[in-house]
Amino acid sequence: MTLYLGHPAYDPKPYTRIDPVAQALEGRWRVYADWTKALPTEGRVFAPRLNSFREGDPLTFGVEPNPRIDSGPDRYVAVDPRPVTEVLDFRLVAPEEARRALVERGVQSLIPATDSIIAALKDGICVVVKMERHPTLGRWVANIDGLETLSAYVFDARLFEGDRIGGRWIAVPGITIGAPAGALNWCRDSDFLEAVLKRLRRAAPQADSSLTRAQISQFVAYLTRANLLPTAGAEWNSFRERLQSFASDLAHNVQLTDELLDAICALRPVEVQLASRREEIETKLRDELEDRILQELDKEMEPLSAERDRLASEVAELSARADRERKEVQQAMSDAEGARQALKDELSMVLSQLSDAALSTEETVGMLAARIGARLKEPAQEFGLLAAPGAPWTKPDFTQRPFHEWTKFSQILRNSSFRCGYDLTDLLLVDVAARSGELVVFPEDRAAELVRCYAGAISGGEVVRHILDPAILCVDDLWRQPSNSRPAAFGRAWAAARYDPRRFRVVLLEGLHRTPVDLWLPTLVDLLKDSRRPSNLLVFASIGPSLLDKGRIWQDMDQSVVALTPAPNARLTPYILARASGREPSPACFDAASMPLPISDDILGILTEFEDNTDGVRLRRLASIYRSSLAVATEIDTKSWLSAFADASGADAEISSRLSKGANWLRELLSHQE
């Protein structure tokens with residue numbers, strides 16, 4: 001069967017057509033220009049399955065008539081397609097030079113779709129070398145496997161009498177490589193030397209001075225690194241030949257240098273005079289050039305200086321104008337904020353009056369609230385919810401009380417704790433946890449008094465009380481009453497906090513034990529940590545000793561909320577005396593919008609210490625705790641408190657004890673329900 005050499009005209013998908021390039025004749029390739037005569041009618045061959053080749057890859061193939069087509073295109077089909085192998089001609093050099101070229105140095109490139117090279121050697125033999133890309137040199141070198149017994153074959157030199165294909169000699173399958181003709185050792189210099197030394201070691205008698213296997217490997221590695229092996233050391237001969245002439249020339253130049261120095265030393269007086277005269281001329285030229293250059297520069301810079309002065313004056317005027325306009329903008333913004341706040345204060349008075357209306361006027365109030373909301377838009381987004389009538393304990397108080405400075409917050413907490421008979425540390429824990437977004441849970445019998453005490457120190461004494469009942473099945477029921485869809489106390493408090501972000505709103509969810517807790521409380525705890533929760537909304541809850549639905553216990557509740565069990569001192573407190581005398585002290589109120597906030601670097605610095613031993617959820621919780629603790633930083637050790645919140649066995653034994661006590665109380669209460 002006649003062999004051809006060609007390449008796919010396009011990528012097989014899966015079929016393609018092959019453009020022939022040459023035909024094998026008597027062991028050599030012949031290139032033709034017009035193939036339409038040899039392979040009518042298009043001069044191409046149809047290849048139905050050629051999946052291992054791509055467009056342009058050279059290959060050899062035979063042809064046979066296409067049984068499906070008698071005339072027209074695709075009359076011939078390619079059979080037995082094979083990748084080609086390049087032949088390198090090393091017949092005029094020693095076989096060792098051929099080995100070094102392929103094994104030690106490598107070649108720059110290979111023919112596509114092949115990984116072998118045929119080396120034609122002296123005496124009519126050849127070897128087939130499998131190549132691989134060197135990991136660092138980027139060249140193709142021989143694969144070392146099997147090089148110590150590389151098979152040799154008879155070579156058909158008629159190939160070199162034919163045509164080159166793309167500037168390369170391509171082997172003719174079945175002809176160029178003939179019968180086996182022995183084997184050659186073509187392993188690398190380093191492998192060859194190591195193998196010889198190990199063989200000699202086995203043959204020679206062993207003595208104390210004999211090389212060990214490890215020393216042989218180290219010796220061969222040293223020779224390789226020093227480039228002393230035959231392949232790498234070819235340059236030493238050229239070094240020797242050049243150094244012979246280089247050394248004599250160098251010695252001659254050194255001698256000439258000494259003679260020149262002696263001659264110059266004899267002219268030293270002339271050199272001194274020349275140096276003095278040169279210095280005098282340089283000084284005179286420098287003075288003259290400096291004066292002339294300065295005069296020319298002043299003349300050339302004169303218009304630029306005038307322009308600079310004009311621009312400086314213009315910049316000063318623009319800067320002054322910008323300062324005036326900036327002050328005007330700031331004043332306008334301040335006036336707008338004042339007008340906005342005055343409007344909100346007026347709306348607060350309207351809300352107070354509307355929310356005190358009778359339930360029978362609910363429809364009228366709703367219509368009025370809708371009209372006000374439509375006119376005022378952003379300031380009254382929650383207006384309808386806040387204006388709806390309701391019970392007094394479910395409605396936020398819109399009395400406009402003056403704000404205290406945050407620098408007085410710690411002292412006011414201290415005064416409030418003393419007045420109500422609570423320990424200051426307990427009230428500090430309540431404050432830090434609540435302002436960080438935690439749900440703070442108390443025993444039912446003391447929750448109302450404790451929350452009222454805390455509210456008197458931060459929200460002007462206002463507490464919205466949401467009385468829980470068995471109808472609470474999801475968090476939406478905290479927004480609207482399930483029975484009549486009227487606004488619920490929690491929803492009012494949330495809306496009031498959004499309506500006026502400056503005033504804290506305290507809400508107490510009374511009676512968790514009256515509801516199926518696990519249906520809605522986990523979601524609420526998660527929502528309180530959400531960014532949409534108003535930061536001025538502080539949420540507390542109470543729980544009693546007997547759950548209504550023991551099948552709906554939230555087992556992880558003690559790990560997800562901050563449970564505290566503070567108790568007042570068993571004595572007559574100033575608060576009791578004040579109520580008895582009718583002279584209750586004025587409650588304090590603080591601006592939530594101006595609450596002290598830490599800077600990012602401080603947060604990063606302190607939280608990095610907890611990063612390795614704390615998960616992401618706890619880190620977010622600690623970040624919020626740190627943020628809220630800044631307002632009472634003068635009263636607490638912030639780092640110790642963070643350690644206590646991160647781990648109940650933290651560095652601050654007192655805080656850890658109070659947190660552990662609360663968690664244990666809640667855990668024991670829940671376990672007894674089971």
Side-chain angles (χ1 to χ4, degrees), residues 341-356 379 382 385-387 390-422 424 427-428 430-436 440 442 447-466 489-510 533-540 573-576 578-579 582-596 628 631-632:
Q341 189 58 44
L343 177 61
K344 186 163 289 188
D345 293 342
E346 293 294 331
L347 288 175
S348 298
M349 295 179 60
V350 174
L351 286 174
S352 298
Q353 297 174 5
L354 292 178
S355 60
D356 290 335
E382 312 293 339
L385 186 65
L386 297 174
W393 53 87
T394 66
K395 298 182 300 182
D397 183 7
F398 292 97
T399 303
Q400 301 301 309
R401 297 184 178 88
F403 293 122
H404 288 71
E405 295 293 334
W406 277 99
T407 54
K408 301 178 180 179
F409 183 57
S410 297
Q411 185 59 44
I412 289 178
L413 276 180
R414 182 182 297 276
N415 296 341
S416 185
S417 64
F418 172 75
R419 186 182 306 114
C420 298
Y422 288 101
L424 175 61
L427 210 58
L428 288 170
V430 169
D431 169 69
V432 171
R435 285 191 294 108
S436 69
V440 186
F442 303 119
E449 287 296 330
L450 182 58
V451 172
R452 190 180 298 112
C453 174
Y454 173 65
I458 194 169
S459 64
E462 176 209 356
V463 179
V464 175
R465 303 178 69 167
H466 188 123
F490 181 83
R492 292 175 185 269
W494 185 298
R498 288 190 57 186
Y499 173 74
D500 190 352
R502 298 183 309 163
R503 301 188 180 276
F504 285 101
R505 301 294 177 177
V506 178
V507 58
L508 173 61
L509 304 176
E510 295 193 45
R533 176 191 70 89
S535 60
N536 57 328
L537 179 67
L538 312 180
V539 185
F540 300 90
T573 63
Y575 177 73
I576 297 175
R579 292 198 65 181
R583 293 176 301 184
E584 296 186 27
S586 300
C589 188
F590 286 87
D591 186 356
S594 63
M595 185 173 62
S628 62
V632 292

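Just the heavy atoms: all of them, side chains too, but no hydrogens, waters or symmetry mates, feed the values below.
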Measure across [X] and [Y] and return the closest heavy-atom pair with its distance rounded to 0.1 Å.
| X | Y | answer |
| --- | --- | --- |
| Ala493 | Val507 | CB-CB, 4.0 Å |
| Val440 | Ala434 | CG2-N, 3.9 Å |
| Cys453 | Cys420 | SG-SG, 2.9 Å |
| Pro534 | Ala497 | CB-CB, 3.7 Å |
| Ser628 | Val432 | OG-O, 2.9 Å |
| Cys589 | Ser459 | SG-C, 4.5 Å |

Kindly write out the residues that satisfy ring-ring contact (aromatic ring centres under 6.0 Å, His included) with Tyr422, not counting sequence neighbours, or none if the list is empty.
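In terms of ring-ring contact (aromatic ring centres under 6.0 Å, His included), with neighbours along the sequence ignored, Tyr422 is linked to no residue.
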Interatomic spacing from [atom1] in [X] to [atom2] in [Y] - rounded to 0.5 Å:
| X | Y | atom1 | atom2 | result |
| --- | --- | --- | --- | --- |
| Ile412 | Leu427 | CD1 | CG | 12.0 Å |
| Asn415 | Leu424 | CG | CG | 9.5 Å |
| Arg502 | Ser594 | CZ | OG | 9.0 Å |
| Tyr499 | Arg505 | OH | CZ | 9.5 Å |
| Arg498 | Asn536 | CZ | CG | 11.0 Å |

Could you check if a side-chain atom of [X] sits within less than 4.5 angstrom of a side-chain atom of [Y], using non-hydrogen atoms only?
| X | Y | answer |
| --- | --- | --- |
| Glu462 | Val506 | no |
| Val430 | Phe442 | yes |
| Val463 | Phe540 | no |
| Ser416 | Tyr454 | no |

Donor-acceptor contact below 3.5 Å, side chain [X] vs main chain [Y]:
| X | Y | answer |
| --- | --- | --- |
| Arg503 | Arg401 | yes |
| Arg465 | Trp393 | no |
| Trp406 | Asp591 | yes |

With Arg419, which residues qualify under side-chain hydrogen bond (donor to acceptor under 3.5 Å, both in side chains), at least two apart?
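Once residues adjacent in sequence are excluded, Arg419 has no partner under the side-chain hydrogen bond (donor to acceptor under 3.5 Å, both in side chains) criterion.
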Please identify each residue that fulfils side-chain hydrogen bond (donor to acceptor under 3.5 Å, both in side chains) with Arg533, with sequence neighbours left out.
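None.
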How are the rings of Phe590 and His404 set to each other: parallel, tilted or perpendicular (split at 30° and 60°)?
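The arrangement is tilted - the two ring planes meet at 30° to 60°.
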For atom CZ of Phe418, decide whether the heavy atoms of other residues, nucleotides or ligands shown that lie under 6.0 angstrom number more than 12.
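No, CZ of Phe418 has 12 or fewer neighbouring heavy atoms, counting only those of other groups under 6.0 Å.
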